[in-house]
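Numbering starts at 1 and runs along the sequence shown. This one's a predicted model, so the numbers in the text were calculated from it and none came from an experiment.
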Amino acid sequence: MLACVAVIVLIGMSRPAADLPAHSSLPSPSGPLRKPEPQSLLVLGNLKLTPAQSRSIQAIAAKWAEEKSNLLSEMARFAPRDGRIQDLQSTMGGYSEVSRTFDATRQQYWQQACAALTVAQKTRADEEAR
């Protein structure tokens, strides 16, 4: 029994450096990743949206929600399967393209929603997001 433990310890100590966990030299992020969506403007109490602004942002948020659902469904089709690395890379390439489309579309809807705000409201929304 003691011999088995000694063998396990020796194997563990003799692992090559490539098997050891990697340590990043990148700095830690300064805050959480922020990917704003139009509906987030509707819950910021300090914006004091007018009824017309609220309706406009709600309409934009509804369009985004529909498009977001379609894009998420499309991304879900790219679930990785077991296989050769080339198969995985080609599958994930399609996922990456849809993911980039998702982010660009989200950003467009966010900009449309922000266009309904006054300059002061935009400033408050930016401060709130920090």
Could you grab the distance from atom CD1 of I60 to atom CZ of R55, nearest 0.5 Å is fine? 13.0 Å
Can you measure from CG (L44) to CD (E127) and round to the nearest 0.5 angstrom? 11.5 Å
Just by modelled atom types, is the T101 backbone N or O under 3.5 Å from a matching donor or acceptor in the T105 side chain? yes
Shortest non-hydrogen separation from V98 to E74 and the atoms involved: CG2-OE2, 3.5 Å
For Q53, the option from L47, L41, L42, T118 that meets side-chain contact (heavy atoms from CB on, under 4.5 Å): T118
Could you tell me which residues satisfy salt bridge (Lys or Arg N to Asp or Glu O under 4.0 Å) with K63, sequence neighbours excluded, listed by chain and number? none
Roughly how far, to the nearest 0.5 Å, is CD of Q107 from CD of Q111? 4.5 Å
On a heavy-atom basis, which atom in I57 and which in A116 lie closest, and how many Å separate them? CG1-CB, 4.1 Å
Under-4.0 Å salt bridge between R106 and D103: yes
Y109 and E67 have their tightest heavy-atom pair at OH-OE1, 2.8 Å
Out of curiosity, E97 CD to M75 CE, how far, rounded to the nearest 0.5 Å? 12.5 Å
Report the residues that fulfil salt bridge (Lys or Arg N to Asp or Glu O under 4.0 Å) with K68, sequence neighbours left out, ordered by chain and then residue number. E37
Between S73 and S69 (side chain of the first, backbone of the second, donor and acceptor by atom type, cut-off under 3.5 Å), is there such a pair? yes
CZ (R124) and CG (D126) are apart, to the nearest 0.5 Å, by 11.5 Å
Student check: side-chain heavy atoms of Q39 and W64 closer than 4.5 Å: yes
